[in-house]
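Everything below concerns the one structure shown next.
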There are 2 protein chains.
Amino acid sequence: MSVHSILDVAIKVLLADPSASLGDVAKAAGVSRTTLHKRYATRHDLLVALAHDAYDRVDKAMTDAQLDVPGEDVVAGLERAITALIPLGPRIEFMYRQIGLDDVPDLVTRYEQSGEHLLRLIQRGQEAGKLRADLPDWWILATLEGSFYTAWEAISFGRLAPLDAPKLVMTTVMRGIGT
Amino acid sequence: MSVHSILDVAIKVLLADPSASLGDVAKAAGVSRTTLHKRYATRHDLLVALAHDAYDRVDKAMTDAQLDVPGEDVVAGLERAITALIPLGPRIEFMYRQIGLDDVPDLVTRYEQSGEHLLRLIQRGQEAGKLRADLPDWWILATLEGSFYTAWEAISFGRLAPLDAPKLVMTTVMRGIGT
DNA sequence: GATCGAGTGAACACTCATGTTCAGAAGTGT
DNA sequence: ACACTTCTGAACATGAGTGTTCACTCGATC
């Protein structure tokens with residue numbers, strides 16, 4: 001069982017039950033508790049590792065989405081970002097729900113940085129007249145993240161097909177629900 | 001210390017730290033742990049009581065918002081609903097984050113019912129041509145709830161003034177972020 | 001085949017929240 | 001003043017998760 005597999009399983013288990021014991025995690029990962037303790041000395045260490053792994057993937061997704069290409073269409077960039085974020089749903093949900101990681105300076109820093117790519121894209125969109133300039137940029141970012149999260153929830157409930165999500169999010173966020 | 005005050009304090013404490021002990025809750029409420037145990041025999045009982053209290057308030061807010069008046073403007077109804085929900089932010093956030101209450105049939109039922117008022121309003125809005133009919137009603141509902149939640153978060157971070165929230169949510173949700 | 005590293009299961013001490021009990025204090029009503 | 005209720009602080013047993021150690025097994029490597 002590789003490190004990544006363990007983290008994958010740990011995310012799932014801890015998401016289903018945040019109070020799951022390390023024994024539960026180890027069992028689900030097909031690994032002895034001793035081995036788990038060898039990799040992550042304490043529960044806190046495991047949580048931090050999970051958070052870092054999640055941020056790694058978000059960062060990679062944002063980089064891959066090529067949001068910083070100046071000439072390109074902002075809306076297309078947004079759609080690529082959303083599409084890339086959808087598969088990361090479980091990990092982001094985990095980050096979102098886990099409390100007690102606020103006191104880890106590294107993670108706070110990463111959290112603040114994680115939205116930077118999108119925020120710059122949004123600012124460019126506003127300057128280019130593609131996005132409403134009467135709304136604060138941070139609010140637009142929060143709205144985007146919220147809509148993505150709503151989509152992820154709908155997917156996890158089985159109500160929304162993953163492949164339908166990006167377009168649905170984009171049309172909703174861009175045009176709104178009004179006629 | 002009245003029952004409602006205890007629940008108020010309990011919400012705050014458990015929201016700040018979901019793993020807070022009953023001793024912490026009791027101390028914060030200015031009540032002995034023994035007394036707390038007398039009112040709520042187990043931790044689970046307390047959580048269920050908190051959930052019911054939250055649903056009570058949501059139900060009351062939705063009823064007070066008069067969403068079922070047939071003739072009235074749907075958009076105005078939505079804004080009243082959002083306005084009424086904002087103050088319930090902490091409680092709804094609590095409901096949202098607490099896991100382990102899924103196995104309480106009463107709460108599952110109440111959860112399903114809690115969105116009914118808004119859903120009917122949305123359906124009326126779609127029929128009246130005020131809301132996009134090309135989007136599923138449940139998705140519009142989820143979008144509304146998500147945007148409300150985004151606003152609540154911004155408020156709790158101190159970035160958004162509570163009185164500004166309803167209008168901001170409405171314009172964002174109705175018109176979207178695009179130009 | 002011997003050696004090394006990684007993993008395993010079992011046992012252990014430790015901490016902490018929980019739930020319970022009880023005798024006494026504080027307050028309320030008659 | 002008295003009876004009654006509620007709240008309190010303290011103590012207790014219990015259970016569960018945690019972190020640690022250790023002897024053992026297994027597989028790969030030399």
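Labels below follow one simple rule: chain letters A, B, ... track the order of the sequence lines, proteins then strands, and each chain is numbered from 1.
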Between C/dG19 atom P and B/D45 atom CG, what is the distance in whole Å? 8 Å

Starting at atom NZ of A/K38, determine the distance to atom P of C/dT8, rounded to an integer number of angstrom. 9 Å

Among the candidates C/dT8, D/dG17, D/dC7, find the nucleotide nearest to the side-chain atoms of A/S21. D/dG17

Of the candidate nucleotides D/dT20, C/dT8, D/dG9, which contains the atom at the shortest distance from the side chain of A/T34? C/dT8

Output yes when at least one side-chain N/O atom of B/T35 is less than 4.0 Å from OP1 or OP2 of D/dC7, else no. no

Nearest-nucleotide pick for A/S32, side chain only, options being C/dG19, D/dG19, C/dT8: C/dT8

Are side-chain heavy atoms of B/R175 and B/M170 found at a separation under 4.5 Å? no

Side chain of B/R43, heavy atoms from C-beta onward: which of C/dA17, C/dT20, D/dT18 has the nearest atom to it? C/dA17

Quick note, A/T42 side chain, CB onward, closest among D/dG19, C/dG19, C/dT8 is D/dG19

Counting heavy atoms from C-beta on, name the nucleotide in C/dT8, C/dT18, D/dT18 closest to the side chain of A/H37. D/dT18

Presence of A/R39 side-chain N/O under 4.0 Å of C/dG7 phosphate oxygens OP1/OP2: yes

Let's see if you can work this out: which of D/dA11, D/dT18, C/dG7 has an atom nearest to the side-chain heavy atoms of A/R33? D/dT18

May I ask you to decide if the ring planes of B/Y96 and A/Y96 are parallel, tilted or perpendicular, using 30° and 60° as cut-offs? perpendicular

What I want to find out is whether A/E153 reaches A/R159 closely enough, with some N-O distance under 4.0 Å, to be called a salt bridge. no

Could you tell me the separation between the CG atom of A/L22 and the P atom of C/dG9, rounded to a whole number of Å? 16 Å

d(NZ, A/K27; P, C/dG7) in whole Å: 20 Å

Salt-bridged, A/D73 to A/K130, with N to O below 4.0 Å? yes

Starting at NE2 of A/H44 and ending at C1' of D/dG19, how long is that distance when rounded to a whole Å? 16 Å

Please determine, by modelled atom types, if A/T150 and A/S147 share a side-chain donor-acceptor pair under 3.5 angstrom. no

Between B/L36 (CG) and D/dA10 (P), how many Å, whole number? 17 Å

Between P on D/dC7 and CD1 on B/I6, what's the gap in Å once rounded to a whole number? 8 Å

